[in-house]
There are 2 protein chains.
Amino acid sequence: MEDLTQELFRFFNGFSSWESSVIRASDLTVWESSVIRASDLTVSEAHAIEVLGQYGQMNMKNVAMKLGVTTGTTTVTIDRLERKQYAKRELSSQDRRVYLISLTEKGLQAYEEHHQFHSELSKQVLGTLTEEESEQLLKTLQKINAEIF
Amino acid sequence: MEDLTQELFRFFNGFSSWESSVIRASDLTVWESSVIRASDLTVSEAHAIEVLGQYGQMNMKNVAMKLGVTTGTTTVTIDRLERKQYAKRELSSQDRRVYLISLTEKGLQAYEEHHQFHSELSKQVLGTLTEEESEQLLKTLQKINAEIF
DNA sequence: CAATATAGTTAGAAAATCAAATCATATCAT
DNA sequence: ATGATATGATTTGATTTTCTAACTATATTG
């Protein structure tokens, strides 16, 4: 039990630093020997795109919850993404207080690009495991995600 | 493979929002019907304590890497932790450019407290799995952590 | 030993975040 | 129905967190 706690959080922290290095790295690129800014996405904007790409259209409150920030913060983030045309708001027809947020074409494209890096890590993970372990891991993660997160 | 990528990052994002809600919640407490600040730790300070508690004494650069921020940011964070007596710097005897950072008694105590919350989540995870699945998960995580993170 | 690399710090600016107040719409209890 | 309460989203103003770039000190390398 104590062991699992330790490995669980090591795993989480490992992901965490990997993820921020990827976001930062993908924001830079080298062109004719000098480093230039490749995308105009900040780290928190990239996170929001990741969440929207992963879960699809959702309201502000749910975006905020997935990001682990307040709705005030989310309003600001989505404002910027909308201004830069990565995301769009649509009024819900069910509840007129609600905005449904989704990615635009450009936003989806940015998500796909970022997602490639995820697949890379996934490949690395599979590389360390046997066929059987991989299958078991998938099942276990599905269970945990469905029941806890 | 695509499935695993999806579950892996859902898992990671689930952890992420859980973790930020826990850090925020543990920073507040209710006393005589009003919410007051219980600890003087901010979110980024709590993260640093978590890393130092998890990995033990380490230099600034490694702390920065684990936190996924620059060394400049880390200097500021450790400055504050040192001022509040949660952490301390020691000059390395091997390399005089290097500071080794570690938790003080007070820092360790804060780490232990935070760690309790981790155990709670761990317990929840175990609750959704069979005995066998739990053992397999532990082994798999150990493998991944050792080889990738 | 000079040139280059690395660890850490500092300074100033920009980005991210929060809490609280506010607005508009929904829901609930009577 | 309607007044009271709850909820989703935004705004405001302040604080916190972070970055980049320049800098210092020490190590390493050709």
Side-chain angles (χ1 to χ4, degrees), chain A residues 16-17 19-21 23-25 27-28 34-37 39-49 51 57-84 87-101, chain B residues 16-17 19-21 23-28 30 34-37 39-49 51 57-84 87-101:
Chain A
S16 227
S17 49
E19 178 77 359
S20 40
S21 73
I23 289 184
R24 263 180 253 295
D27 195 36
L28 298 174
S34 60
V35 174
I36 58 164
R37 191 148 294 264
S39 88
D40 53 353
L41 290 174
T42 67
V43 171
S44 66
E45 288 162 12
H47 274 140
I49 286 180
V51 164
Q57 195 180 54
M58 62 204 297
N59 65 23
M60 296 297 287
K61 206 189 175 192
N62 286 132
V63 176
M65 272 173 40
K66 290 292 178 196
L67 292 174
V69 297
T70 64
T71 56
T73 300
T74 306
T75 293
V76 175
T77 306
I78 299 298
D79 279 350
R80 278 199 313 264
L81 285 180
E82 207 169 23
R83 211 174 322 116
K84 295 181 190 171
K88 57 177 187 286
R89 283 173 170 87
E90 288 167 284
L91 262 171
S92 160
S93 51
Q94 325 288 317
D95 185 334
R96 304 201 303 165
R97 293 167 306 181
V98 171
Y99 281 109
L100 296 172
I101 321 301
Chain B
S16 228
S17 47
E19 177 77 358
S20 41
S21 73
I23 288 183
R24 263 180 253 296
S26 70
D27 193 38
L28 298 175
V30 176
S34 59
V35 175
I36 58 165
R37 192 148 294 264
S39 88
D40 55 352
L41 289 174
T42 66
V43 171
S44 65
E45 288 161 13
H47 273 141
I49 286 181
V51 164
Q57 195 179 54
M58 62 205 297
N59 66 23
M60 295 298 286
K61 204 188 176 194
N62 286 132
V63 176
M65 272 173 40
K66 290 291 178 197
L67 292 174
V69 297
T70 64
T71 57
T73 301
T74 306
T75 293
V76 175
T77 306
I78 299 298
D79 279 351
R80 279 199 312 264
L81 284 180
E82 206 169 24
R83 212 173 320 116
K84 296 181 190 172
K88 58 177 188 286
R89 283 174 169 86
E90 288 166 285
L91 262 171
S92 161
S93 51
Q94 326 287 317
D95 184 334
R96 304 203 303 163
R97 294 167 304 180
V98 170
Y99 282 107
L100 296 171
I101 320 301

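Just so you know, these numbers use all the heavy atoms, side chains as well, and skip hydrogens, waters and symmetry mates. Within every chain, numbering begins at 1; the chains are lettered A, B, ... in the order of the sequence lines, protein sequences first and strands thereafter.
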A/Arg80 side chain N/O closer than 4.0 Å to the phosphate oxygens (OP1, OP2) of C/dA16?
-> yes
Taken to the nearest whole Å, CZ/B/Arg83 to C1'/D/dT16 is 13 Å
With B/His47 as partner, the option from B/Leu67, B/Val69, B/Thr77 fulfilling side-chain contact (heavy atoms from CB on, under 4.5 Å) is B/Leu67
Considering only heavy side-chain atoms of A/Tyr99, the closest of D/dT18, D/dA9, C/dA19 is D/dA9
task = Apply side chain to side chain contact (heavy atoms under 4.5 Å, CB included) to A/Asn62 and A/Met65, showing your working.
result = CA-CA 5 Å; A/Asn62 286 132; A/Met65 272 173 40; 4.2 Å; yes
d(A/Leu41 CG, A/Leu81 CG) to nearest 0.5 Å is 7.0 Å
| query | Within the pair B/Thr42 and D/dT17, is there a side-chain N or O less than 4.0 Å away from OP1 or OP2? | reply | yes
Item to complete: Assess whether atom NZ of B/Lys84 is packed by more than 12 heavy atoms of other residues, nucleotides or ligands within 6.0 Å.
Response: yes
note: B/Asp95, atom CG; D/dA27, atom P; distance rounded to Å ~ 5 Å
Testing D/dT18, D/dA9, D/dT17 for proximity to the side chain of A/Asn59, the answer is D/dA9
In whole angstroms, the gap separating C1' of D/dT18 from CG of B/Asp79 amounts to 14 Å
Rounded to whole Å, CZ of A/Arg96 lies from C1' of D/dT10 at a distance of 17 Å
In whole angstroms, the gap separating P of D/dT18 from CD of A/Glu45 amounts to 16 Å
Output for pair (A/Tyr99 OH, A/Leu91 CG), nearest 0.5 Å, gives 4.5 Å
Between A/Ser44 and B/Arg89, the residue closer to the 5' end of DNA chain C by nearest nucleotide is B/Arg89
By nearest-heavy-atom nucleotide on DNA chain C, the more 5' of A/Gln94 and A/Val76 is A/Val76
Side-chain atoms of A/Met60 come closest, of D/dT16, C/dT9, D/dT10, to D/dT10
Winner on side-chain proximity to A/Thr70, out of C/dA7, C/dC18, D/dA9, is C/dC18
When rounded to whole Å, the CD1 to C1' distance for the pair A/Ile78 and C/dT17 reads 15 Å
B/Leu81 CG to D/dT17 P, in whole Å, measures 10 Å
Of the listed D/dC19, D/dA9, C/dA26, the closest approach to the B/Thr73 side chain comes from D/dC19
Between NZ of B/Lys61 and C1' of D/dA25 the distance, given in whole Å, is 16 Å
